[in-house]
Amino acid sequence: MTAIKTALKTHFGFESFRSQKQEDAVKAVVKGDRDVFVCMPTGSGKSLCYQLPAMLAKGITLVISPLIALIQDQVEHLRDLNIPACSINSKLPVEDRRLIMADLESESPKLKLLYVTPEMVASPGFKPCLTGLLSRSLLSYLAVDEAHCVSQWGHDFRPDYLKLGELRSSLPGVPCIALTATAPQRVKDDIAKSLRLRLPLSFATPVFRSNLHYDVVYRELLEDPYRHLHTYIRENLRLGDGPKGQGCGIVYCRTRECCETVAYQLTKLGVLAKPYHAGLKAVDRTEAQTDWMQGKVLVIVATISFGMGVDKANVRFVAHWNVAKSLASYYQESGRAGRDGLPSSCRTYYSPRDKEQLNFLIRKEVARKQAKRGSEKEQDKSSIKDFEAMVSFCEQESCRHATISNFFGDQKPDCGSACDYCQDPKAVRAQLEKAATLSTK
Ligand code: ADP
Ligand code: MG
Ligand code: ZN
């Protein structure tokens, strides 16, 4: 058995790799002569692509991740496996921090994986620690997780992700591994450029997932939208036919109020649903998530703040009560369905009024940002373009899967009947025609 296979078994307890892509990526990282770009769907095991090589390397792997919560999950998971991992963050007690620093400064540190947020990396206190490791050749890899933060929302959310290019440049000879869920070609280009990757080897999974059925329903054409949603949920969770354990689902809404309303209406109709949004107290939010994770609540009605880092296999449907803000986010959000490979459903309840509202909000946000900095940026256009791609997805008479694949730079997939258009193009046309008469009334 190779050292890699042995490490896979002894450290992580896995008999085999998840996929050929995962194996290839791990091997490329272990080889260590090139930067590596891993672009695989959420849940496909990207972390292993740097965690396993980290265990085989002499030094320490520095991992950048955008959120302390994500970091804590990962670190806990690794510690359960007896892998020396930790995180330095603003919430860390002084004494713990001192212990970590002492280990890092020791001759042969025990630590293998050090997780930090981009803010922490940029802080002056962290600099000496890095240079110390670097000068002693104890920095094995730089892994940048959720690398799309550089491009997609880097400006608003994580300005410090943009500084990672500088960090990367200051670590010559340390291979960089950038990891992201499926990203549009444009975003991938951005990542490579911002992180200053050097001729990266790329490992990407095709975006097409044949077990996901996509469709679009015009909400305004429905007599009773909540009942319609309720029926959809019952069908997808097979609530009609017997015992529990038929999986669960997510309904995404844009606003807090909407989450509350939809959850209330569903519960009233007989499907226990809980809201999840930033307006709830932290304990209530955690409870909603835990109940859903444990299957006590079948449906969670959430804003898009829900789902990052959530890994649940038996999500049978993801419904968008409001149209997503971009096709990229929609692919990611709807992609939380069917991780177990079983047939699952992704539906958007589309509404032209909704579209106008969101369109207005996006443009307003862009204008606000432009006014603030007094100039226009490429990124501004991209949020509008990505939204338009989402609108086309809903309004077009064509295969939904093909639209998605095309957006991510993949070839047209063989949809079969995994979308409403391929299943029944006439019905899609009929709906569009009906919607057109509505809007002229
Ligand atoms: P991603 O970052 O791509 O969303 P993660 O790295 O968080 O995915 O991994 C998702 C899950 O897959 C984790 O529970 C992980 O333990 C598991 N996993 C990773 N590699 C393997 C493997 N080779 N065999 C079985 N499970 C794996
Ligand atoms: Mg991940
Ligand atoms: Zn299709």
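As the structure lists them, so they are numbered: ligands from 1, and atoms in each ligand from 1. Just so we're clear, the structure is a prediction, and the values are computed from it rather than from any experiment.
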### Message
Does any part of the side chain of Leu327, heavy atoms only, come nearer than 4.5 Å to the side chain of Phe408, both counted from C-beta?
### Response
no
Near Phe17 (heavy-atom distance under 4.0 Å), the atoms of ligand 1 are 23 (N)
Heavy-atom proximity to atom 23 (N) of ligand 1 ranks first, among Ser16, Ser44, Gly45, for Ser16
Discussion item. Can you tell whether the side chains of Lys163 and Asp160 come within less than 4.0 Å, N to carboxylate O?
Written reply: yes
message: With a cut-off of 2.8 Å, does Cys399 put an N/O/S atom close enough to the Zn ion (ligand 3)?
response: yes
Of Cys39, Cys49, Ser47, the one whose closest heavy atom lies nearest atom 5 (P) of ligand 1 is Ser47
Ligand 1 atoms nearer than 4.0 angstrom to some heavy atom of Pro41 are 3 (O)
task: Give a yes/no verdict on whether any heavy atom in Ala181 is under 4.0 Å from an atom of ligand 1.
output: no
Heavy-atom closest pair (Ala54 atom, Tyr141 atom, distance to 0.1 Å) is N-CE1, 4.2 Å
>> Contact between Phe17 and Ile4 at the side-chain level, heavy atoms closer than 4.5 Å - yes or no?
In response: yes
For this session: May I ask whether Arg18 has any heavy atom positioned less than 4.0 angstrom from an atom of ligand 1?
Result: yes
| Passes side chain to side chain contact (heavy atoms under 4.5 Å, CB included), Phe387 versus Val323? Steps please. | CA-CA 9 Å; Phe387 176 62; Val323 66; 4.3 Å; yes
Heavy-atom proximity to atom 19 (C) of ligand 1 ranks first, among Gln22, His77, Glu23, for Gln22
closest protein heavy atom to atom 1 (P) of ligand 1 is Gly43 N, 3.4 Å
Exercise. Evaluate the 4.0 Å heavy atom contact test for atom 13 (C) of ligand 1: does a protein atom fall under the cut-off?
Key: no
Taking the Zn ion (ligand 3) as the apex, Cys419 SG and Cys422 SG span an angle, rounded to 10°, of 110°
Only one of Tyr349, Trp321, Tyr232 passes ring-ring contact (aromatic ring centres under 6.0 Å, His included) with Tyr226, and that residue is Trp321
Are the side chains of Glu395 and Tyr218 in touch, meaning some heavy atoms are under 4.5 Å apart? yes
Atom 16 (O) of ligand 1 has as its nearest protein heavy atom Phe14 CZ, 3.4 Å
In short, Leu212 meets Gly335 closest at the heavy-atom pair CD1-CA, 4.3 Å
